[in-house]
Q: 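This is the structure I want to talk about, given as structure tokens.
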Amino acid sequence: MKIAFRPKLLDCLPTYDRAQFGKDVASGITVGVLALPLAMAFAIASGCSPSAGIWTAIVAGLLTSLFGGSRVQIGGPTGAFIPIVYGIVAMHGFANLLGATMLAGLFLLAMGLARLGQLIRFIPVTVVIGFTNGIAVVIFMAQIKDFFGLRIEQLPAEFFARFKTLIAHAHTVDLPTLALSGACFLFLISYNRLAQGFPPLRRAPGPLAVLIAGTLAAWLLELPVETIGSRFNGIPQELPAFGLPDLSIHHFGKLIPPAITIALLGAIESLLSARVADSQIDDRHDPNQELIAQGLANLAAPLFGGFAATGAIARTTTNIRSGGRTPVAGIIHALVLLAVVLIAAPLAAYVPLATLSAIVMVVAINMGEWHEFRELRRYSWNYRIILLTTFLVTVLFDLTIAVELGMVLASLFFIYRMSELTRIERMALDEEAGDPRLIHPDGSLRVAAWQLFGSLFFGAVNKLEELLDPQAGHPEIVILDMARLVQLDTSGLEGLENLREKLARRGCTLILCGLNAQPGSLLQRAGFIDHLGDDNVCLDLNQALSRARLLLPDLNGKGDEDY
């Protein structure tokens, strides 16, 4: 198998000019400034340090742009990973999170090299919407502690335990924290409206504006609220230690399921982001190259203390709106974040956690496709069951189980629907053929013809039993018109073989006609036609009837030449 490795950056360089470089620089600075508060907020919400989020954005963002399959994709930590990462940290510790991330990187890299990028698109939209909305609820719920300033030592990762803990500590609400987080929340959800009336606000992304405003408010008013400095001792103004995470062999086997979850979610989100970007810039991304880039990003980020990353839809869209059209913008975005760490890191110590929790809550609200719940009444029960089941299992139990269950339900409903579309209908030969030799003196047919529609696969093969129903009579010849059968699988092949054998034991001959390319190829390769006989495979129904006349003895003592 030929492995193609061609980052989009190579396609952009031959026509790159100074004008586009200027646009990419402006866009890279804008996205870098936007990514700073999001990276810190997502990291803290995931149970990690803010510096881990920033270094994830730097390393993953740089590699996504250098080796990615999209012109404008921006990589980094995203809100979708919060419940997964938080659960891994709570159960296995931060070091094992780094190990799970690197293992997920290997899975993503293997998927890209095996050219499996297109397969991700087979995940039904109902499953995607269900777990996206479920993740939004989980993220929102996880921020209640910092939003209200609740005095909780460690918030459980499991839903029911988390809900019980929040209720038990509801009386510990800190009013200054709630006032600050509430004001930041209202400011952020109203930001676009405020920016229309106050043009200078349009130059700054909403999360950055609320980060600055919330930090200044807490500092000037001397609010007694928890900050990055009080909880994490700030952000180190230096490069992180480079090296492999301290992994435990004992935990390695337990990291495979969460690593698969990270890889699957990372693949879905990055390719979904790239597809959304394609529609905005009239381009086409390479899904396999994008998976390779995401694999490299998740392999490298833990070496610098970072964790799971993927393509970020919000930052990618901001990049496009700011004029970025090549991966250079993403590279500059990573360099901007690096400059912030090396120059302005001490200022991060003053950032209130209440402000970051407000930012994450707004992200959770915006990432959910809540209108889909209102539209459910327009769709079938199958659609509703898949979406709602995936949503509820994501919220109440686990994202991995939710995606698996959603895929199983979607597959079962698809099988059922396809089996319903597969039909076997009897044809009225006494009217169409008009030949007395095809009819017994008692009026029963010596030849029965059936037409197959749709796909004869494992979910519909039982419908062949209808041809063996005693009420259908005991014809001497059975014709199957397969002109409208578009697909046949090995179960269908086995069903036809069983039908041929049972008819033969009755002294009945099976004739096929109208074979399409795929069914005909499978029957030929499997040796079914050799067992049936080439003469019993006809082009159409008329030829099949002619073959039946040759096989039937004349009841009236007349030869075939008399007709």
Side-chain angles (χ1 to χ4, degrees), residues 42 45-48 77-94 96-97 100-101 103-104 107 120 123-145 150 152 154-169 251 253-269 272 307-308 310 360-361 363-365 367-370 372-373 376 381-414:
F42 292 153
S46 302
C48 306
T78 66
F81 279 127
I82 290 176
I84 302 172
V85 173
Y86 187 90
I88 297 174
V89 172
M91 294 179 62
H92 306 290
F94 184 73
N96 285 301
L97 166 65
T101 300
L103 190 57
F107 292 153
I120 301 298
I123 297 178
V125 66
T126 46
V127 176
V128 174
I129 294 172
F131 78 66
T132 299
N133 287 3
I135 288 172
V137 173
V138 173
I139 293 172
F140 189 93
M141 187 176 176
Q143 294 309 300
I144 293 176
K145 171 182 175 289
L150 302 180
I152 300 175
Q154 180 69 32
L155 195 62
E158 196 266 332
F159 173 83
F160 295 103
R162 175 178 292 181
F163 185 80
K164 184 178 179 180
T165 302
L166 291 173
I167 295 298
H169 293 80
H251 287 90
K254 298 178 182 179
L255 298 181
I256 294 178
I260 293 174
T261 304
I262 292 174
L264 180 61
L265 182 58
I268 294 171
E269 191 168 6
L272 178 61
F307 53 93
T310 185
V360 176
M361 275 192 169
V363 169
I365 293 173
M367 74 181 290
E369 299 184 49
W370 312 113
E372 292 292 340
F373 290 132
L376 281 178
W381 276 104
N382 295 354
Y383 185 99
R384 300 176 199 174
I385 291 172
I386 296 170
L387 193 153
L388 292 175
T389 299
T390 306
F391 170 75
L392 291 173
V393 175
T394 299
V395 173
L396 300 178
F397 300 103
D398 181 75
L399 173 65
T400 307
I401 298 174
V403 173
E404 292 171 352
L405 184 58
M407 289 296 295
V408 169
L409 287 175
S411 300
L412 291 176
F413 283 131
F414 176 76

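This is a predicted model, so every value here is computed, not measured.
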Q: Could you tell me which non-hydrogen atom of Gly79 sits nearest to which non-hydrogen atom of Ile135, and how far apart they are?
A: O-CG2, 4.1 Å
Q: Any side-chain heavy atom of Leu155 within less than 4.5 Å of one from Leu150?
A: no
Q: In Å and rounded to the nearest 0.5 Å, what is the CZ to CE distance from Phe159 to Met141?
A: 4.5 Å
Q: Shortest non-hydrogen contact from Ala364 to Ile139?
A: CB-CG2, 3.8 Å
Q: To the nearest 0.5 Å, tell me how far Thr132 OG1 sits from Glu269 CD.
A: 8.0 Å
Q: Shortest non-hydrogen contact from Ile262 to Ala104?
A: CG2-CB, 3.6 Å
Q: With sequence neighbours left out, write down each residue that passes side chain to side chain donor-acceptor pair (under 3.5 Å) with Thr261, or none if nothing qualifies.
A: Thr400
Q: Any chance CH2 of Trp381 has more than 12 other-residue heavy atoms, nucleotides or ligands included, within less than 6.0 Å?
A: no
Q: About how many Å separate OG1 of Thr101 and CZ of Phe307, when rounded to the nearest 0.5 Å?
A: 8.0 Å
Q: Look up atom CZ in Arg384 and atom OG1 in Thr126, then write down how far apart they are to the nearest 0.5 Å.
A: 13.5 Å
Q: Between Phe391 and Phe373, is the ring centroid distance below 6.0 Å?
A: yes
Q: Can you tell me if His169 uses its side chain to pair, donor with acceptor, with the backbone of Thr165 under 3.5 Å?
A: yes
Q: Using the side-chain contact (heavy atoms from CB on, under 4.5 Å) rule, take Tyr383 and Ile129 through it: C-alpha gap first, then chi angles, then the decisive distance, then the call.
A: CA-CA 11 Å; Tyr383 185 99; Ile129 294 172; 3.9 Å; yes
Q: Atom CD1 of Ile268 and atom CZ of Phe131: how far apart are they, to the nearest 0.5 Å?
A: 4.0 Å
Q: How long is the straight-line distance from OG1 of Thr389 back to CG of Leu405, given to the nearest 0.5 Å?
A: 6.0 Å
Q: Which pair of heavy atoms, one from Val360 and one from Gln143, lies closest together, and at what distance?
A: CG1-CG, 3.6 Å
Q: Are the side chains of Tyr86 and Val138 in contact, using a 4.5 Å heavy-atom criterion?
A: no
Q: Please identify which of these residues, Leu396, Leu392, Thr394, Val395, meets the side-chain contact (heavy atoms from CB on, under 4.5 Å) condition with Val137.
A: Val395
Q: Considering non-hydrogen atoms only, spot the tightest contact between Ala263 and Phe107 and give its length.
A: CB-CB, 3.8 Å
Q: Would you please test Ser46 and Val89 for side-chain contact (heavy atoms from CB on, under 4.5 Å) and show each step?
A: CA-CA 8 Å; Ser46 302; Val89 172; over 6 Å; no
Q: Please determine whether side-chain contact (heavy atoms from CB on, under 4.5 Å) holds for the pair Met361 and Ile144, giving the CA-CA distance in whole Å, both sets of side-chain angles, and the decisive distance to 0.1 Å.
A: CA-CA 9 Å; Met361 275 192 169; Ile144 293 176; 4.1 Å; yes
Q: Are the side chain of Asn133 and the backbone N or O of Glu369 linked by a donor-acceptor pair below 3.5 Å?
A: yes
Q: Are Val85 and Leu97 close enough, and set up right, to give a side-chain contact (heavy atoms from CB on, under 4.5 Å), and what steps lead you there?
A: CA-CA 7 Å; Val85 173; Leu97 166 65; 3.5 Å; yes
Q: Search all heavy atoms of Asn96 against all heavy atoms of Leu255 and return the closest pair with its distance.
A: O-CD1, 3.5 Å
